[in-house]
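What follows is a single structure, written as structure tokens, with notes after it.
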Amino acid sequence: MKIQAADRVRALPPYLFAKIDAMKAEAVARGMDLISFGIGDPDLPTPPHIIQSLKEAVENTEYHQYPSYAGMLKCRAACTDFYQERFGVTLDPQAEAVTLIGSKEGIAHLPLAVINPGDLVLVPDPAYPVYDTATHFVGGEVYRYGLLADDNFLPDLSAIPDEVADRAKMLVVNYPNNPTGGSATLDDYVRMYEYAVRHELIVLSDLAYSEMYFEEPAPPSFLQVPGAMDRTIEFYSLSKTYNMTGWRVAYALGNRDLVAALGKIKTNVDSGVFGAVQEAAITALRGDQQCVADMRDVYRKRRDLLVPALEGLGLAVTPPRATFYIFARLPEGVSSMDYAGRLLNETGVVVTPGVGFGERGEGFIRFALSVSAERIREAVTRLQTFKY
Ligand SMILES: *Cc1c(COP(=O)(O)O)cnc(C)c1O
């Protein structure tokens, strides 16, 4: 039988949210008004000055042809200058930065660039699912390490057997963290880096939420760790910071060999980011950052509306210092899928069951704050009537 998908596609885990999606469709058919905290996608529009810069750049006929693979130098420099200013990290835009069609694209392609069949990657559990599937796509193996719920969801590295760590090739870290809302300090990163040095690991740092924070100090970059450039590739996305998830633009930055390897894969797969979108990215990074401060205010207010209501429901929550996720711990022994299903059926409030992010996400549900304050108030009223 040849007319069928490859083994790697058939080996993909079942889509865990299919059941929730079916329940949503049923609830809507019953005429239920859904309030969705399910999707990690900002609900606000892209700031107008960024849209305007795209509109103007669209007229530039140079951009109607294939863009440069690695991204225009001025677009990469906009990000490396941002890194200098925001993190005090010096990067060569020519050799230590590449533009991506969103960081998901880069994260998914990185294993193709650095992982051989049989190589082992240390991936957090729970986590954004791409690290795991992208490793499996290239025949790599994954070891899921736990996060410490009582310690900012930092990696429980000491629980990874030494022989596993020694055999591994790459460590994936994501702070501020999706789905847990956990944050890492620079000292925490130093410990992760020392671990990576001890076991000779590449570090993949996913920094998608660095600007979505509510408390000082602002989240650091892994590249701030002294020496980290020897083994780290960091993914910096404009998606969440500037409400640009639909635009598909991000960067990979850090160790030049790793950046070059990823760039080489990309020259064989895609043809870069539309020039007008790169212009918009430059405007985002170099323009007025008031829009980012406004974004933080919006999510902080939403967080502060929702957290007390969850506590009232008997869920254990730590208000996140960063990200727009609230990872609420369910009472002992409660299935996240069951809880999310009943919540949806009885109140129309949609959340993501933690088990969808990995086994250790079981016992939690994730709320994404991509809902207006008004609708959060409505959700809170409904939550007050809910009894599991
Ligand atoms: C949203 C998100 C991204 C960003 O994805 P883009 O492809 O840049 O839009 C990356 N990592 C995590 C953990 C995310 O939640």
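Computed from a predicted structure; not experimentally measured. For ligands, and for the atoms within them, numbers begin at 1 and follow the listed sequence.
Geometrically, Arg342 engages Tyr388 in a cation-pi contact, judged by NZ or CZ lying under 6.0 Å from the ring centre and within 45° of the ring axis.
Residues meeting the side chain to side chain contact (heavy atoms under 4.5 Å, CB included) test with Ala95, sequence neighbours left out: Asp92, Arg256.
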Run the side-chain donor-acceptor check on residues 106-119: report pairs under 3.5 Å with partners two or more places apart or on a different chain.
from   : atom 1 : to     : atom 2 : distance (Å)
His109 : ND1    : Glu105 : O      : 3.3
His109 : ND1    : Glu105 : OE2    : 2.8
Asp119 : OD2    : Asn116 : N      : 2.8

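Considering Val172, Leu157, Val164 in turn, Val164 is the only one that fulfils the side chain to side chain contact (heavy atoms under 4.5 Å, CB included) rule with Leu122.
The aromatic rings of Phe82 and Tyr236 lie tilted to each other, with the angle between the two planes from 30° to 60°.
Residue pairs meeting the side chain to side chain donor-acceptor pair (under 3.5 Å) criterion with at least one member in residues 66-79, sequence neighbours excluded: Lys74-Glu279.
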Expected rows: ligand 1 N/O, protein N/O, dist below 3.5 Å:
from     : atom 1 : to     : atom 2 : distance (Å)
ligand 1 : 5 (O)  : Ser103 : OG     : 3.4
ligand 1 : 7 (O)  : Ser103 : N      : 3.1
ligand 1 : 7 (O)  : Lys104 : N      : 2.8
ligand 1 : 7 (O)  : Arg248 : NH2    : 2.6
ligand 1 : 8 (O)  : Ser103 : N      : 2.8
ligand 1 : 8 (O)  : Ser103 : OG     : 2.8
ligand 1 : 8 (O)  : Ser237 : OG     : 2.6
ligand 1 : 8 (O)  : Ser239 : OG     : 3.4
ligand 1 : 9 (O)  : Ser239 : OG     : 2.6
ligand 1 : 9 (O)  : Arg248 : NH1    : 2.9
ligand 1 : 11 (N) : Asp206 : OD1    : 3.3
ligand 1 : 11 (N) : Asp206 : OD2    : 2.6
ligand 1 : 15 (O) : Asn178 : ND2    : 2.8
ligand 1 : 15 (O) : Tyr209 : OH     : 2.6
ligand 1 : 15 (O) : Lys240 : NZ     : 3.3

